[in-house]
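Whatever order the structure lists ligands and atoms in, that order sets their numbers, starting from 1.
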Amino acid sequence: MAPPDTAPPLSEAPYEGAIDRGLEGVVACTTSISAIAGTTLLYRGYTIEELAANATFEEVVYLLWFGRLPRREELAEFERRLHADMPLPPESFGWFHGLPTRVHPMDFLHAVVAGLSLHDPEANIIDDVASLRKSTRLTARLGTIVTAYHRVRSGQWPLQPAPGRSLAWNFLYMLHGREPSPEHVRDFDTCLILHADHELNASAFSARVTSSTLSGIYSSVMAAIGTLKGPLHGGANEEVVRMLLEIRKPSRVDAFLDEAFAARRKVMGFGHRVYKEGDPRAKILARMAERLTREAGVPELYVMSKRLEERMAAEKGLIPNVDFFSGSVYHALGIPVDLFTPIFASSRVAGWCAHILEQYRNNRIYRPRGRYVGPKDLRYQPIDER
Ligand code: ACO
């Protein structure tokens, strides 16, 4: 037997389990929140088409957190609590206005969520009741933070949310400073519904990994915000519209794609780890983008998108994902490009919270292995001999 202070030779130690780069196909937990099968997306058993056509975002949040659709009085009470939590707490005003305003709004969102956690006496309590209260606060406030940030950086005072109005109504109101049309509220609400959850996507997984250490909801949501920001995940919607604005007109799409293919550059808004035949959310958003870009006088955005879609399918076998048409929808609604991903976060926070709550209720810490492929058997060299 080896003496106790001698490590075993490394050849006996490395983990030899199967490697799944990017965890493709790995089932990491059970969940009853949402499911993807073929081209179908279900939230708690309801198809996304059914919910987008009939529900409100507030109803969907209730569904994701409590597992069933609310009765009328339950929804009224839930909306009352959610809407009451929309304003930022007064103690946040001082430091909120002291933060830099020339940063990406996702970084600002990240910082403000951290700041809010410092003022929340329940921040590190992880029982069900406190966790639901914090989920309500976070879901109610992310849109308020995003719109306030935009107004402050534009030299305007942030607006207070109007009581008794939905999260979608208030987002458009607090951003633009005028009452939105019922049609735009409905379209924006549908976007919030479409983005609310998506099984074990990268940001939901981040949230679950962080909460699996029994860290609090704020830390878990901050981990998720950081993950969503990347251009391979939620950040793609901004890149799509920047790409369309760079292409400028339908006649230039083919040359743009020829060059992207030659340079082996990714075309943002295409491809998906799970959907291979089509993303049901993109289909709904495509119809909305077609109508809204026409109404906003920028129909070429949709025409360019359709040509991109046609060639990406024919030549690369890749489908548009949720980020492809959402950018054109937001652009047509007059929303600045760098707010697209924060809007995604303002909706997906509902799904993150559902995942965090589910993780706490059936927790085991996530701790995969890595297979070591680095050097072995090195001896420590004194600093002057290196
Ligand atoms: N443009 C060009 N080629 C692509 C694209 C794309 N958008 N997406 C995938 N491919 C190619 C890859 O280069 C790869 O080719 P190869 O086998 O010759 O190397 C092949 O298709 C397989 O792609 P992977 O990168 O292995 O797919 P993966 O499942 O790892 O990644 C992802 C999925 C990240 C969505 C990827 O398709 C991508 O980067 N798309 C662009 C960014 C984007 O739109 N992200 C938003 C996704 S939806 C969301 O998160 C909300």
Residue [X] vicinity, atoms of ligand 1 by number, heavy atom under 4.0 Å:
| X | answer |
| --- | --- |
| Val322 | 51 (C) |
| Asp323 | 46 (C), 49 (C), 51 (C) |
| Pro231 | 42 (C), 45 (N) |
| Val267 | 1 (N), 2 (C), 6 (C), 7 (N) |
| Met312 | 1 (N) |
| Ala236 | 43 (C), 44 (O), 45 (N), 46 (C) |
| Gly269 | 43 (C), 44 (O) |

Does Leu118 belong to the same Ile/Leu/Val/Met/Phe/Trp/Tyr cluster as Leu109, with side-chain heavy atoms less than 4.5 Å apart forming each link?
->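 In one cluster: no.
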Heavy-atom protein neighbour under 4.0 angstrom from [atom]:
| atom | value |
| --- | --- |
| atom 23 (O) of ligand 1 | no |
| atom 45 (N) of ligand 1 | yes |
| atom 26 (O) of ligand 1 | no |
| atom 15 (O) of ligand 1 | no |
| atom 29 (O) of ligand 1 | yes |
| atom 20 (C) of ligand 1 | no |
| atom 37 (O) of ligand 1 | yes |

Using the six-membered ring wherever Trp is involved, compare the ring planes of [X] and [Y] and label them parallel, tilted or perpendicular (cut-offs 30° and 60°).
| X | Y | answer |
| --- | --- | --- |
| His272 | His198 | perpendicular |
| His195 | Phe344 | perpendicular |
| Tyr149 | Phe108 | tilted |

Do any nitrogen or oxygen atoms of Lys266 come within less than 3.5 Å of a nitrogen or oxygen of ligand 1?
->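 Min N/O separation from ligand 1 is below 3.5 Å for Lys266.
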Does Lys276, backbone or side chain, put an N or O under 3.5 Å from an N or O of ligand 1?
->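 Such a contact does not occur with ligand 1.
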Regarding [X] and [Y], does a basic nitrogen lie under 4.0 Å from an acidic carboxylate oxygen?
| X | Y | value |
| --- | --- | --- |
| Glu239 | Lys266 | no |
| Arg291 | Glu183 | no |
| Arg265 | Glu259 | yes |
| Glu309 | Lys306 | yes |
| Arg133 | Asp127 | no |
| Glu246 | Arg242 | no |
| Glu310 | Arg307 | yes |

Give the single entry among Leu318, Ile319, Val274 that approaches atom 9 (C) of ligand 1 most closely by any heavy atom.
->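 Checking each option, the heavy atom nearest atom 9 (C) of ligand 1 is found in Leu318.
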Counting heavy atoms only, which of Tyr275, Phe270, Phe344 comes nearest to atom 8 (N) of ligand 1?
->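 Closest candidate by heavy-atom distance is Phe270.
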Could you go step by step and tell me if Met174 and Val146 meet the side-chain contact (heavy atoms from CB on, under 4.5 Å) rule?
-> CA-CA 9 Å; Met174 291 189 287; Val146 174; over 6 Å; no
Residue and atom name of the nearest protein heavy atom (relative to [atom]), distance in Å to one decimal:
| atom | value |
| --- | --- |
| atom 18 (O) of ligand 1 | Arg264 NH2, 3.9 Å |
| atom 34 (C) of ligand 1 | Leu232 O, 3.9 Å |
| atom 49 (C) of ligand 1 | His233 ND1, 3.6 Å |
| atom 48 (S) of ligand 1 | Asn321 CG, 3.7 Å |
| atom 33 (C) of ligand 1 | Arg273 N, 3.9 Å |
| atom 42 (C) of ligand 1 | Met268 SD, 3.5 Å |
| atom 35 (C) of ligand 1 | Gly271 O, 3.6 Å |

Do any heavy atoms of Lys316 fall under 4.0 Å from ligand 1?
->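 Heavy atoms of Lys316 never come under 4.0 Å of ligand 1.
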Taking atom CG of Leu138 and atom OG of Ser346, what is their separation to the nearest 0.5 Å?
->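 Between atom CG of Leu138 and atom OG of Ser346 there are 11.0 Å.
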For the residue pair Thr136 and Asp85, confirm or rule out a side-chain donor-acceptor distance under 3.5 Å.
->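 No donor-acceptor contact under 3.5 Å links the two side chains.
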Side chains of Ser220 and Trp352: is there a donor and an acceptor less than 3.5 Å apart?
->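 Absent: no donor and acceptor within the cut-off.
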